[in-house]
Amino acid sequence: MLIPCPYCGARDSHEFTYRGAAVGPRPDPARPDAADAFHDYVYLRDNPAGDNAEYWYHGAGCRSWLKVVRDTTTHEIKSVTGAGGEVKP
Amino acid sequence: MSRLSSGGFIDRSRIVKFSFDGKSYSGHPGDTLASALIANDVKLVGRSFKYHRPRGILTAGSEEPNALVSLRKGARHEPNTRATMVELFDGLEAFPQNVTPSLSFDVMAVNQLISRFIGAGFYYKTFMWPASFWEKLYEPIVRGSAGLGTTPNVPDPDHYEKASAFCDVLVIGAGPTGLMAALTAARSGARVILADEDYLIGGRLNSEKVTIGDRDGAQFSAAVAAELVAMPNVKVMSRTTVFGVYDDSYGAVERVSDHLAVPAPYQPRQRLWRIAAKHTVLAAGAIDRPIVFDGNDRPGIMLAQGVQTYINRFAAAPARRMAFFTSSDGAWVAAFDAADAGVEIAAIVDARRTVADRLLAEARRRNIRTLLGGAVTAAHGSPLKSVDVVADGKRERLAVDGLAMSGGYSPNVQLACHHRGRPQWHPEIGALLATDPPPRMKLAGAANGSYALSACLADGAAQGAEAAVAAGFAAKTVALPRCQDDPVEVQAYWHVKDTAHFAFVDFQTDVSVKDIEIAAKEGFIPVEHLKRYTALGMGADQGKLSNFNGLAIMADITGRSIPEAGTTIYRPPYTPVSMGALTGHHRAKDFRPTRLTPTHFWAKRLGAKFVETGMWLRAQYFPRPGDKDWLATVQREVTAVRSSVGMIDVSTFGKIDLQGPDVGKLLDRVYVNTYSTLPVGKARYGVMLREDGMVMDDGTTAHLSDDHWVMTTTTVNAVKVFSHLEFCLQVLWPDLDVRMASISEQWAQIALAGPNARKVLEKIVDDPAAVANEALPVMGAKEAKLMGGIAGRVFRLSFSGELGFEVAVPARHGEKLAEAMMAAGKEFGITPYGTEALAMMRIEKGHVSGPELNGQTTVADLGLGKMASKKKDYIGRVLFERPDLTDENRLGYVGIVPVDKRNVLRAGTHLMPLGAAVAVANDHGFVSSATQSPTFGHAVGVGFLAGGAKRIGEKMRAYDPLRGGDFEVEICSPYFYDPQGERTRV
Ligand SMILES: [Zn+2]
């Protein structure tokens with residue numbers, strides 16, 4: 001599988017580490033229902049058969065955390081962006 | 001000898017000696033093992049998997065299900081090779097498989113007599129009960145009769161390598177279609193890889209007598225191959241099987257040295273390729289399908305394409321008198337070639353009632369008898385002696401020693417199904433075609449159901465051009481050479497009805513029509529159930545010859561059409577791939593890199609014993625003459641530290657350099673405790689949580705200057721913590737201005753510990769006053785010049801519980817630092833120590849480490865709850881405060897000592913109430929780390945106990961069934977040694 005890193009170009013998936021579904025943003029710890037919000041943030045995942053937004057880390061490349069939209073049934077990569085917006089140059 | 005007097009692509013000027021089943025034979029360069037056996041009249045080559053029926057060579061290709069043989073002796077012994085794919089070499093030793101005791105006499109052939117008891121579902125039905133029979137009776141039987149061949153029990157002496165290749169157009173298969181596709185794409189300028197499993201380029205052009213332009217097929221393929229090889233943008237890979245289609249890449253195995261007795265120096269046995277191709281043309285051809293009738297597996301019965309290959313390519317006649325049984329035009333041409341080579345043709349039996357006049361005329365010209373609308377109903381003899389044929393209601397027996405069959409073609413669509421595209425039934429050609437291939441793959445030629453030679457050439461050229469254009473090249477038209485344009489009519493024909501017991505559908509797994517009937521009767525009708533119940537298509541050939549017939553017969557039995565019965569998909573590998581090729585160089589110590597510490601060779605010179613910790617090789621202990629055993633060594637090292645001074649390389653800890661104005665803020669958010677208030681020149685111990693509230697890692701972080709910090713992590717979590725911090729900075733809080741770099745490899749760090757540690761340190765630093773008690777207090781951290789001007793860092797940290805320092809220098813000076821410490825400490829008897837003494841002292845001190853940071857413990861469980869700040873948020877805080885994680889009866893951190901001090905306490909020991917029965921309900925906790933403390937003269941341990949510290953003073957039963965421990969212990973504080981930390985402050 002090739003992942004088109006926005007900074008490095010198409011690179012082999014071996015260079016990346018998978019984290020899981022791209023959930024977020026991290027809930028506000030001050031909100032009154034923070035415990036429930038963090039529970040959902042940490043544990044609840046959709047596990048779709050189809051497009052899934054995921055975090056991948058280009059550890060053997062530019063070290064960017066990326067948000068990758070991947071079709072879980074075909075491994076087709078639909079889009080790749082910096083996971084937190086643009087990485088500072 | 002069945003070798004024809006002329007023809008074939010073999011080098012008759014040279015003789016190759018080989019043996020099979022202990023007998024010596026000879027062949028020629030260019031032969032396969034199968035063709036050489038045929039040329040030597042060897043008909044029986046193996047015994048079948050289940051019934052041990054005698055079997056011969058069925059095909060001339062990689063689809064061969066019968067002729068599985070073992071090659072070579074000793075370490076290079078290799079089971080389950082297909083004789084049809086083995087290139088003959090001088091001295092080759094080959095052995096039949098599944099024979100007990102011999103190929104010609106096999107006692108297990110008795111299985112044929114009990115076959116009605118060992119049909120479909122035999123295993124599921126028989127080995128059900130009683131359970132006690134399983135181990136003693138059933139399993140030995142199953143193990144004894146399962147599997148084919150034996151593996152060598154010594155390491156493979158050859159090596160295997162992996163490589164990557166990139167191209168615009170990958171062409172799989174170098175027959176007429178693939179050659180034209182490659183040529184067209186290559187002439188357009190595209191980078192082309194042409195891969196073929198054969199060692200001779202040309203595919204069926206080497207097996208059939210055809211004319212292309214003014215050349216014969218073999219000359220044509222040789223000329224095209226020569227042109228391709230000469231082009232700089234083309235890589236022609238023979239002996240290379242593309243076996244799998246993966247995401248954005250193809251897997252291929254190149255058999256670099258399989259055709260040699262021993263690989264050439266520095267050459268691998270095989271090479272595994274990952275091929276990244278922009279576009280692919282699959283031109284894998286089509287193979288004959290067997291016909292199912294009684295005795296269709298007898299030695300002497302072959303597929304028609306195989307007969308044609310042996311005669312034309314290898315000049316080896318498989319029989320003297322043959323019948324042909326077919327429903328396709330191709331087998332007629334094979335029969336004509338056989339007749340022209342001198343084989344007597346008893347009859348061509350065709351299931352079709354009408355056949356092209358052209359073929360009938362050719363048969364008449366050769367005086368070949370033809371039986372249209374006929375069938376072969378049974379075969380007799382082993383090897384084959386006769387066949388029963390029926391035509392127009394008349395039955396007769398033909399005396400033949402060979403039968404060629406073809407029930408139509410199966411296009412080789414396997415690779416096109418590796419992305420789950422299901423093949424579709426095309427009644428007009430009686431075959432399954434891939435209509436949903438993987439992205440950017442097109443099928444061409446016979447693999448796509450176009451069988452006529454002219455159609456193959458045209459299709460190949462068109463698909464090659466299309467692929468090149470899709471990859472961004474301007475197409476160049478390649479003139480199509482003139483060639484035969486005869487249509488190849490095919491009618492799918494799979495089963496001679498009302499045949500008796502041994503009508504085989506799957507030769508490799510011994511599945512007969514009877515088995516499919518049983519499966520139908522018992523409800524295993526969907527094709528995926530049928531496969532698993534009968535083992536149809538479950539052999540190493542993945543049912544290349546059997547799946548279609550099996551599902552077609554199931555469709556017949558259940559009165560449905562083939563599309564209704566369903567089709568199966570295929571998975572990699574297309575043909576078996578050796579484990580060696582998949583492993584490559586990643587075996588034994590090369591499985592992963594070994595990381596050496598900066599002082600590795602210094603430690604080695606001192607005779608250290610090393611231990612693997614993750615990828616690191618660390619000094620475990622330093623034995624000296626006179627040490628009774630390893631424990632005595634380690635205890636000596638601990639005592640030396642506690643009484644004078646010792647040193648240990650701690651470079652393996654993860655080290656992360658953090659810079660920027662917001663480092664303090666970042667640390668506040670990732671550690672439970674507060675860092676932003678830490679003054680320059682100080683370090684602090686911190687605990688980091690996962691967002692679920694469990695402890696992830698611990699370590700110290702030092703504040704070196706305003707914007708400059710350096711963090712240490714545990715050895716095992718170095719990579720994890722680094723990517724975690726990257727996630728925090730890039731995703732959670734991109735507004736924080738922090739830059740970070742891993743410096744684990746760049747800095748050597750050595751700990752000095754013991755009452756004399758400062759005296760040693762003073763001799764190493766350029767300014768001794770800088771490390772005085774007041775100048776460098778406990779948890780102090782500063783940059784310092786050492787050993788005459790080397791810029792390093794000194795931290796006053798202690799893991800041992802003694803006065804301690806950690807000295808860091810650039811990694812290249814690590815060994816020099818170790819030597820300098822040894823020299824400076826000589827007068828104090830400085831003692832190098834290893835990871836065992838380190839662990840022993842940290843248990844005496846009660847510091848938590850890997851066994852305690854096990855992913856299931858909270859900061860409170862570890863007795864460090866007070867560290868957690870209440871004034872700020874940090875990762876893991878919200879979920880750490882969940883009721884179950886703060887329950888006071890959770891497993892909490894305690895110390896454990898045996899009541900009878902002679903007892904040895906071991907990690908993993910369970911803690912139960914005194915006198916309680918051994919039961920899960922009575923399991924209150926466990927020992928996580930324990931050691932034989934030389935400082936206290938008895939075992940001390942730490943662990944986790946329900947209720948934790950409030951049970952201090954309680955006596956408990958320590959139960960260790962694995963190693964036979966069962967004695968009384970007392971629960972105590974885990975901080976055994978100098979709990980106030982006074983020794984570190986001097
Ligand atoms: Zn990148």
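Proteins come first, then strands; the chains are lettered A, B, ... in the order of their sequence lines, and each starts at number 1.
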Residue R571(B) excluded, over 12 heavy atoms near CZ under 6.0 Å: no
First locate atom CD of E691(B), then atom OH of Y41(A), and finally report the distance between them rounded to the nearest 0.5 Å. 5.5 Å
Compare every heavy atom of P734(B) with every heavy atom of G84(A), then report the nearest pair and how far apart it is. O-CG, 4.1 Å
Under 3.5 Å, side chain of Q730(B) to main-chain N/O of R63(A), donor-acceptor pair present? yes
For a side-chain contact (heavy atoms from CB on, under 4.5 Å) with D247(B), tell me which candidate from R70(A), M1(A), E76(A) qualifies. M1(A)
Under 4.5 Å from a heavy atom of chain A, the part of R420(B) involved: neither
Is there a donor-acceptor contact under 3.5 Å from the side chain of W65(A) to the main chain of C728(B)? no
Side chain, backbone, both or neither: which part of Y57(A) has a heavy atom under 4.5 Å from chain B? side chain
So with a 6.0 Å cut-off around NZ of K278(B), is the heavy-atom count from everything else above 12? yes
Examine whether an atom of F880(B) lies under 4.5 Å from a heavy atom of chain A, and if so say whether it belongs to the side chain, the backbone or both; otherwise answer neither. neither
What part of S723(B) is in contact with chain A, defined as an atom under 4.5 angstrom from a non-hydrogen atom: side chain, backbone, both or neither? both
Select all residues of residues 23-36 of chain A having any heavy atom within less than 4.5 Å of some heavy atom of chain B, and report them by number, or 'none'. R26(A), P29(A), A34(A), A35(A)
Around K872(B), counting heavy atoms of other residues, nucleotides and ligands shown, do more than 12 lie under 6.0 Å from its NZ? yes
In terms of heavy-atom proximity below 4.5 Å to chain A, should Y246(B) be classed as side chain, backbone, both, or neither? neither
Taking C-beta and beyond as the side chain, do Y43(A) and L879(B) meet within less than 4.5 Å on heavy atoms? yes
Under a 4.5 Å heavy-atom cut-off, does chain B meet the side chain of T74(A), its backbone, both or neither? backbone
Taking side chain as everything from C-beta outward and backbone as N, CA, C, O, which of these in R690(B) sits under 4.5 Å from a heavy atom of chain A? Side chain, backbone, both or neither. neither
